[in-house]
2 protein chains.
Amino acid sequence: MLVTLKQIAEELGISITTVSKALKEYPDVSKKTRKLVRETASMLNYKPNSFAVNLRTKESKTIGLIIPEIVHHFFSSVIKGIISQAEKKGYLVITLQSNESYELEKKQIDLLLSKRVDGILISLANGTGDFKHITEVIEQETPIVMFDKIAKTVKCSKVIIDDRKAAYKATQHLINIGCKRIAHFRGPLLPQNSIDRFLGYKQALIDNNLSYDASLVYLLNDMSFEEGKFYANQLLKDHKDVDGIFINTDLVAIGAISEFNKKGIKVPEQINVIGFSNWFMASVISPSLTTVNQPGFQMGKKAFKILYKEIKDRKKRKNISYNEVILETDLIFRDSTNN
Amino acid sequence: MLVTLKQIAEELGISITTVSKALKEYPDVSKKTRKLVRETASMLNYKPNSFAVNLRTKESKTIGLIIPEIVHHFFSSVIKGIISQAEKKGYLVITLQSNESYELEKKQIDLLLSKRVDGILISLANGTGDFKHITEVIEQETPIVMFDKIAKTVKCSKVIIDDRKAAYKATQHLINIGCKRIAHFRGPLLPQNSIDRFLGYKQALIDNNLSYDASLVYLLNDMSFEEGKFYANQLLKDHKDVDGIFINTDLVAIGAISEFNKKGIKVPEQINVIGFSNWFMASVISPSLTTVNQPGFQMGKKAFKILYKEIKDRKKRKNISYNEVILETDLIFRDSTNN
DNA sequence: CTGAAAGCGCTTACAG
DNA sequence: CTGAAAGCGCTTACAG
């Protein structure tokens, strides 16, 4: 039913070789033949069988993307950036979701490898502490680029933000506007991001001669709205003197603000709150949330661009040099801080 | 570098045929050979070359998904549902984003077709009024299932909610709690959803002997937060007597509430507001938003299940009967209505 | 139970 | 400028 090169060749009484070459604009086919072939092809609505093309060229023009969670403002922005950039270059994107599970992530890497994708883009699951599945991809010479949630020790290209610096800036802002007792809601121990954000927070305190108090740091697990409410409540019980919080992610910050609103604690008059990520939501709650803008769309685009270059370089047998790109973040000033 | 059947065959001194059959657990291979082959394959870390498999079997175990916008709570939930269900059945999903553009959507359909995906899942762009590109897919015998934003006139399987009924229920609720002058912010003329939601609104008024007043219906274009603010403001100017609004989508409703908050209009005391979709955001703003819950994840799962069945049926040369599944919605009662 | 052979639909080095 | 032929790595009908 579907048209093949053979049918075009028979239609015109020429060889399959010539048809193939004409369609690919090879210079060694006469103009006349080329024109004829093109016309017949479009008349018959010919579309190259990509299965055959893949087999011959050993390329699928498809990349794999593994992401911890799709229903997530930041990650969906990254996906959008990746897909839009890939489409420009004629690449298609297969998306998989690890649900923050190391086991799933490992299986999905395998799945993508056996699908022979040309490259892989990945943001690690929180549960991932062992990186053998990633280094295997690299050894197998399939280009891979990590973004956002990365493994520092793995040698491959990466696109990240400077979490530590961003957290430092956020905390510095709290200090600048007069906060003396600044709490921090941090993420779990594993992803590098929560470590770095914590370290940035701590460093800012130290550099400003505010003593670091470990009891002001709360370690959260699932980083949910509910956890935000819960720990905001806990904080009110533990420390009546806190005047600022830097929170690891917007969703938690929004939960915290919601709890403060409920308890009649005025934000920012009594407590200044800064989040992280700049989810759309941050701009529509009241008070609107001061937060660190994390450029998801841009991160996705950049990650694809680097992957694309590595795919091309590998094809040309150039040797690959790994890239580490650090995207700029900035603080968005809104009403949850007394700016 | 990558292991092929041939290498396993050479390693064991048997034929490629036998290796292939052993690996696929054909019964006509001796147990001993099967075991040997399996062991050697796993030792060599053999993975079938999917390009060759695709070419032979004419299947890619991949489906295409076209969605108007990825960074969108409802749609990203649908994507998640589709991907999770597809993975269970061994299918991979290529996601494309139409940006609500008919031209892009058409190109993407072509792209997926030339990639020989086994089936397509699509939610139409707002800009799509002509469905030839969809009917061509059907004629070409590639299974396709539409969801959420569908074309009523196209003959294929569909997964939707009953927008009219849901809108009717929402409006009825406003009437039940005593609203007499109910406005409606509707979506653009093209997608069926906004037509149906409008019709449900209108019908509810008529059935309750409230006169339908066209000047209470505002037609929005991009359905954004800003438009919500703009038309909320407009409404306050045009109609001082409005005591309830049914709004086509949550984002706009949140914009409207934000504007009311700013202008000192009390929600729900002065105006009751109901949205549509139940974005996560709806639960965290204040006042929290009463809205229609639209089951995105479930819709994605169902859409894939139907597509999967059609792919299997087509392979078995069974004739296909189209399915139209209507998912239940319910009203989530929150603080933006005086329940 | 095993294997030789054909074929899926392309691409491309090579000959003429 | 054109085309015969090999080959990518599988699957499967068929013969033995």
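Chain A is the first sequence line, chain B the second, and so forth, proteins listed ahead of strands; every chain is numbered from 1. Note that the structure is predicted; figures quoted are calculated from it, not measured. Excluded from the calculations below are hydrogen atoms, water molecules and symmetry mates; all remaining heavy atoms, backbone and side chain alike, are included.
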Output all residues satisfying ring-ring contact (aromatic ring centres under 6.0 Å, His included) with A:F74, sequence neighbours left out; order by chain, then residue number.
none
Would you mind reading off the distance between [X] atom [atom1] and [N] atom [atom2], rounded to a whole angstrom?
{"X": "A:I8", "N": "C:dG9", "atom1": "CD1", "atom2": "P", "answer": "13 Å"}
{"X": "B:E25", "N": "C:dC1", "atom1": "CD", "atom2": "C1'", "answer": "15 Å"}
{"X": "B:F51", "N": "D:dG7", "atom1": "CZ", "atom2": "C1'", "answer": "16 Å"}
{"X": "A:I14", "N": "D:dA4", "atom1": "CD1", "atom2": "P", "answer": "11 Å"}
{"X": "B:L12", "N": "C:dG3", "atom1": "CG", "atom2": "C1'", "answer": "15 Å"}
{"X": "A:R34", "N": "D:dT2", "atom1": "CZ", "atom2": "P", "answer": "10 Å"}

Checking side-chain polar atoms at under 3.5 Å, does B:E105 have a donor or acceptor matched by the opposite partner on B:T128?
yes
Short side-chain donor-acceptor distance under 3.5 Å, A:N323 and A:E310
no
Nucleotides 10-16 of chain D: protein proximity per nucleotide (B base, S sugar-phosphate only, - neither; heavy atom, under 4.0 Å):
BBBBB--
Stepwise, does the salt bridge (charged side-chain N to carboxylate O under 4.0 Å, His left out) test hold for A:E39 with A:K35?
CA-CA 6 Å; A:E39 283 169 3; A:K35 186 156 174 276; 3.3 Å; yes
Evaluate whether atom [atom1] of [X] has more than 12 neighbouring non-hydrogen atoms of other residues, nucleotides or ligands under 6.0 angstrom away.
{"X": "B:K6", "atom1": "NZ", "value": "no"}
{"X": "B:K47", "atom1": "NZ", "value": "yes"}
{"X": "A:K315", "atom1": "NZ", "value": "no"}

Report the stems of DNA chain C as range-with-range entries sorted by first number; a stem here is at least three consecutive pairs, Watson-Crick or G-U wobble, both distances under 3.5 Å, and write none if there are none.
C:1-3 with D:14-16, C:5-12 with D:5-12, C:14-16 with D:1-3
Between B:G13 and B:K58, which is nearer to the 5' end of DNA chain C once each is assigned its nearest nucleotide?
B:G13
Applying salt bridge (charged side-chain N to carboxylate O under 4.0 Å, His left out) to B:K106 and B:D110, what does each step give before you reach the verdict?
CA-CA 6 Å; B:K106 235 172 37 173; B:D110 248 25; over 6 Å; no
Test item: A:K155 and A:I138 side chains (from C-beta on) under 4.5 Å apart, heavy atoms
no
Classify A:T18 by what it touches in the nucleic acid, base, sugar-phosphate, or nothing, heavy-atom distance under 4.0 Å.
base
Just call it for B:S50: base, sugar-phosphate, or nothing, with non-hydrogen atoms closer than 4.0 Å on any strand.
nothing
